[in-house]
Amino acid sequence: MNKLTRDDLLSLEAYAACRDQFRRDVMTHKARRQIQLGEHIRLLFEDRLTMQYQIQEMLRVERIFEADAIQEELDTYNPLIPDGSNWKATMLIEYSDVDERRNALAELIGVERKLWIRVNGYEPVYAIADEDLERENEEKTSSVHFLRFELPPKVLKSVKNAKTGVRMGVDHPGYYVDMDMPDQSRIALLKDLNG
């Protein structure tokens, strides 16, 4: 998949002029790529457009316009764009109550490595988590993780078949989910894959 370059980004002034419409378009796009796994885990599957939006927003908020600083943002977010053989997602562990969240994050250590995707007829593909830096310690996990589901060639070929079912879930002792991937999400995510 094509990574973003400085040529793909708008200047601060140009972005300000189109931001409202761009944001609406990206939110519609993200809605199809967002999957709720049980009550407290949400996955947002990233792609080139979601990362372009993230970078544009970072440049806007931080008022970044120097070439080196823009490149630093590109270097940070480009790894979250799928490579054609994988799906990449931001995982959010969400609890509205602060005490409940603190307790859950202590109980859910390692949950980010227990998320899986299974294409009909194949073994589950478990998430590779937080390749950029460690986001848990002995006391708790983080509420945000970055995941990569690397699909083996046979699985990749099978999932490209529009009739192939995809299941997903979590098999952590403190959090269990086993569900069908919603059709609208599966169809949207097929665009991330080569072949």
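Since the structure is predicted, the reported quantities are computational estimates derived from the model, not experimental observations. Basis for what follows: all heavy atoms, side chains included, without hydrogens, waters or symmetry-related copies.
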Peer 1: List the atom of Phe149, the atom of Val125, and the distance in Å for their closest heavy-atom pair.
Peer 2: CD2-O, 3.6 Å
Peer 1: Give the table of side-chain donor-acceptor pairs shorter than 3.5 Å for residues 64-76, with sequence neighbours excluded, one pair per line with atom names and distance.
Peer 2:
unit_1 : atom_1 : unit_2 : atom_2 : d
Gln71  : NE2    : Asp75  : OD1    : 2.8
Thr76  : OG1    : Glu72  : O      : 2.9

Peer 1: Taking the basic N atoms (NZ, or NE/NH1/NH2) and the acidic carboxylate oxygens, is any pair closer than 4.0 Å for Asp192 and Arg33?
Peer 2: yes
Peer 1: Could you tell me whether the side chain of Lys3 and the main chain of Ile81 form a donor-acceptor pair under 3.5 Å?
Peer 2: yes
Peer 1: Test side-chain contact (heavy atoms from CB on, under 4.5 Å) on Leu115 and Asp171 and set out the steps.
Peer 2: CA-CA 7 Å; Leu115 275 76; Asp171 64 9; over 6 Å; no
Peer 1: Tell me, with the steps shown, if Thr141 and Glu112 meet side-chain hydrogen bond (donor to acceptor under 3.5 Å, both in side chains).
Peer 2: CA-CA 9 Å; Thr141 191; Glu112 66 277 7; 3.1 Å; yes
Peer 1: Is a side-chain donor or acceptor of Lys114 paired with a backbone partner of Ala127 at a separation under 3.5 angstrom?
Peer 2: no
Peer 1: At their closest point, which heavy atom of Val159 faces which heavy atom of Trp87, and how far apart are they?
Peer 2: CG2-CH2, 3.8 Å
Peer 1: Give the minimum heavy-atom separation between Trp116 and Val177, together with the two atoms involved.
Peer 2: CZ2-O, 4.0 Å
Peer 1: What pair of heavy atoms forms the shortest contact from Gln52 to Phe22, and how long is it?
Peer 2: CD-CZ, 4.1 Å
Peer 1: Should Tyr53 and His29 count as side-chain neighbours, where that means a heavy-atom distance under 4.5 Å?
Peer 2: no
Peer 1: Take atom CD in Gln21; do more than 12 heavy atoms of anything else shown fall under 6.0 Å from it?
Peer 2: yes
Peer 1: Atom OG in Ser185, atom CD in Gln34: separation rounded to 0.5 Å?
Peer 2: 8.5 Å
Peer 1: CG/Asn194 to OG/Ser85 distance, rounded to the nearest 0.5 angstrom?
Peer 2: 7.5 Å
Peer 1: Do you reckon Met168 sits in the same ILVMFWY cluster as Val166, going by side-chain contacts under 4.5 Å, direct or chained?
Peer 2: yes
Peer 1: With distance as the sole test, does Asn78 use its side chain to make a donor-acceptor pair with the main-chain N or O of Leu4 at under 3.5 Å?
Peer 2: yes
Peer 1: Tell me, do Leu37 and Met91 make a side-chain contact under 4.5 Å, heavy atoms counted?
Peer 2: no
Peer 1: Would you give the length of the straight line joining atom CD1 of Ile55 to atom OH of Tyr77, rounded to the nearest 0.5 angstrom?
Peer 2: 8.0 Å
Peer 1: Would a single hydrophobic cluster contain both Ile35 and Leu44, if residues Ile, Leu, Val, Met, Phe, Trp and Tyr are joined by side-chain heavy-atom contacts under 4.5 Å?
Peer 2: no
Peer 1: Using a strict cut-off of less than 4.0 Å between a Lys/Arg side-chain nitrogen and an Asp/Glu carboxylate oxygen, indicate whether Asp47 and Lys191 qualify as a salt bridge.
Peer 2: no
Peer 1: In terms of hydrophobic clustering (I, L, V, M, F, W, Y; side-chain heavy atoms under 4.5 Å; direct or indirect links), are Tyr176 and Ile93 co-clustered?
Peer 2: no
Peer 1: Any non-hydrogen side-chain atom of Tyr15 less than 4.5 Å from a side-chain atom of Arg60?
Peer 2: yes
Peer 1: Please name all residues satisfying salt bridge (Lys or Arg N to Asp or Glu O under 4.0 Å) with Glu94, sequence neighbours left out, ordered by chain then number.
Peer 2: Arg42
Peer 1: Hydrophobic clustering (ILVMFWY, side-chain heavy atoms < 4.5 Å, transitive) - are Val155 and Ile187 grouped together?
Peer 2: no
Peer 1: Would a 4.5 Å heavy-atom cut-off, applied to side chains only, mark Ile41 and Leu92 as touching?
Peer 2: no
Peer 1: Are Tyr126 and Leu193 connected into the same hydrophobic cluster when the rule is that any two of I, L, V, M, F, W, Y join if their side-chain heavy atoms are below 4.5 Å apart?
Peer 2: no
Peer 1: Between atom CG of Leu12 and atom CD of Gln56, what is the distance when rounded to the nearest 0.5 Å?
Peer 2: 8.0 Å
Peer 1: Taking atom CE of Met181 and atom CZ of Arg186, what is their separation to the nearest 0.5 Å?
Peer 2: 8.5 Å
Peer 1: State the CG-CD distance between Leu147 and Glu150, to the nearest 0.5 angstrom.
Peer 2: 13.0 Å
Peer 1: Whether Arg48 and Asp8 form a salt bridge (side-chain N of Lys/Arg under 4.0 Å from carboxylate O of Asp/Glu) is what I want to check.
Peer 2: yes
Peer 1: Using atom types as modelled and distance alone, determine if a side-chain donor or acceptor of Tyr175 lies under 3.5 Å from a backbone N or O of His40.
Peer 2: yes
Peer 1: List the atom pairs, donor and acceptor, that lie under 3.5 Å between side-chain atoms in residues 102-110 and the rest of the protein, sequence neighbours left out.
Peer 2:
unit_1 : atom_1 : unit_2 : atom_2 : d
Arg102 : NH2    : Asp99  : OD1    : 2.3
Asn103 : ND2    : Asp99  : O      : 3.3

Peer 1: Tell me, do Arg118 and Glu123 make a side-chain contact under 4.5 Å, heavy atoms counted?
Peer 2: no
Peer 1: Looking only at heavy atoms, what is the nearest atom pair of Asp97 and Glu100, with distance?
Peer 2: OD2-N, 2.8 Å
Peer 1: Salt bridge or not for Arg23 and Asp20, using N-O below 4.0 Å?
Peer 2: no
